[in-house]
Amino acid sequence: MLVALDPIALKTLAIELAAALPPVPTENTIGSPLDLSPRAKKIRSIQRIADAHGWHSAITHFLDMKDAYYLSDLSEPQLEDLLGRMHGYVDAAEMGCSLVDALPAY
């Protein structure tokens, strides 16, 4: 059986349905603000290089060498060292050569 609703009943139903829905997040509440500190930028650069080349094991190896659990546990000089190494790996891969402390890139 089909019941026709008058315009007032339809409007009331629409308002009730809209009230039952969760609020739509505004653009300001989507995600959290990006940390723009130099340290955060270095960490993101390291992760971006590892993601692009599949070199996550290089980060794990470096953390093992420094007895650190996370990138955030590294000191500033250690973070600089790792970022330099990652850039060195990219340069070596692009030129087809090896870093001094790495296996030959045949």
Side-chain angles (χ1 to χ4, degrees):
M1 173 177 185
L2 187 61
V3 177
L5 297 175
D6 62 83
I8 294 174
L10 284 173
K11 187 172 184 177
T12 304
L13 181 60
I15 291 170
E16 288 178 13
L17 287 173
L21 294 173
V24 176
T26 62
E27 231 176 277
N28 294 337
T29 61
I30 296 174
S32 56
L34 189 61
D35 183 353
L36 295 177
S37 68
R39 180 175 180 81
K41 288 181 180 180
K42 288 176 193 165
I43 290 173
R44 284 195 300 273
S45 291
I46 291 166
Q47 291 171 332
R48 195 169 21 258
I49 292 169
D51 289 344
H53 299 282
W55 294 339
H56 297 278
S57 62
I59 296 173
T60 304
H61 176 71
F62 191 85
L63 292 174
D64 285 343
M65 288 189 331
K66 303 302 179 185
D67 292 323
Y69 294 106
Y70 303 101
L71 286 174
S72 58
D73 294 335
L74 297 175
S75 67
E76 195 62 31
Q78 290 172 331
L79 201 58
E80 285 283 340
D81 183 22
L82 177 56
L83 181 57
R85 285 173 180 258
M86 297 301 282
H87 283 297
Y89 296 150
V90 171
D91 291 343
E94 287 175 352
M95 295 187 311
C97 60
S98 306
L99 294 177
V100 176
D101 61 347
L103 294 174
Y106 294 16

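For clarity, every value in this text was computed on a predicted model and none was experimentally measured. The analysis underlying the following values was restricted to heavy atoms, covering all of them including side chains, and did not include hydrogens, waters or symmetry mates.
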Quick check for you: to the nearest 0.5 Å, what is the distance between [X] atom [atom1] and [Y] atom [atom2]?
X	Y	atom1	atom2	result
L74	K42	CG	NZ	11.5 Å
Y69	L63	OH	CG	11.5 Å
Q47	I59	CD	CD1	6.0 Å
S37	I43	OG	CD1	7.5 Å
D35	R44	CG	CZ	6.0 Å

Q | Any residue meeting side chain to side chain contact (heavy atoms under 4.5 Å, CB included) with K11, in chain and number order, not counting sequence neighbours | A | I15
Q: Test L82 against L71 for side-chain contact (heavy atoms from CB on, under 4.5 Å), laying out the working first.
A: CA-CA 10 Å; L82 177 56; L71 286 174; 3.5 Å; yes
Q) Can you check side-chain contact (heavy atoms from CB on, under 4.5 Å) on D64 and H61, steps first, answer last? A) CA-CA 5 Å; D64 285 343; H61 176 71; 5.5 Å; no
Q) What's the shortest heavy-atom distance between F62 and R85, and which atoms? A) CE1-NE, 3.7 Å
Q | Exercise: identify the closest heavy-atom pair between K41 and L36 | A | CE-O, 3.4 Å
Q.
Are there over 12 heavy-atom neighbours, none belonging to L34, within less than 6.0 Å of that residue's CG?
A. yes
Q: For atom NE2 of H53, decide whether the heavy atoms of other residues, nucleotides or ligands shown that lie under 6.0 angstrom number more than 12.
A: yes
Q. Does the side-chain contact (heavy atoms from CB on, under 4.5 Å) test come out yes or no for D51 and H56, once each step is laid out?
A. CA-CA 7 Å; D51 289 344; H56 297 278; 2.7 Å; yes
Q. Any sub-3.5 Å donor-acceptor pair from R39's side-chain atoms to S72's backbone N or O?
A. yes
Q | Steps toward side-chain contact (heavy atoms from CB on, under 4.5 Å) verdict (L79, I46) | A | CA-CA 9 Å; L79 201 58; I46 291 166; 3.8 Å; yes
Q. Any side-chain heavy atom of H87 within less than 4.5 Å of one from V90?
A. no
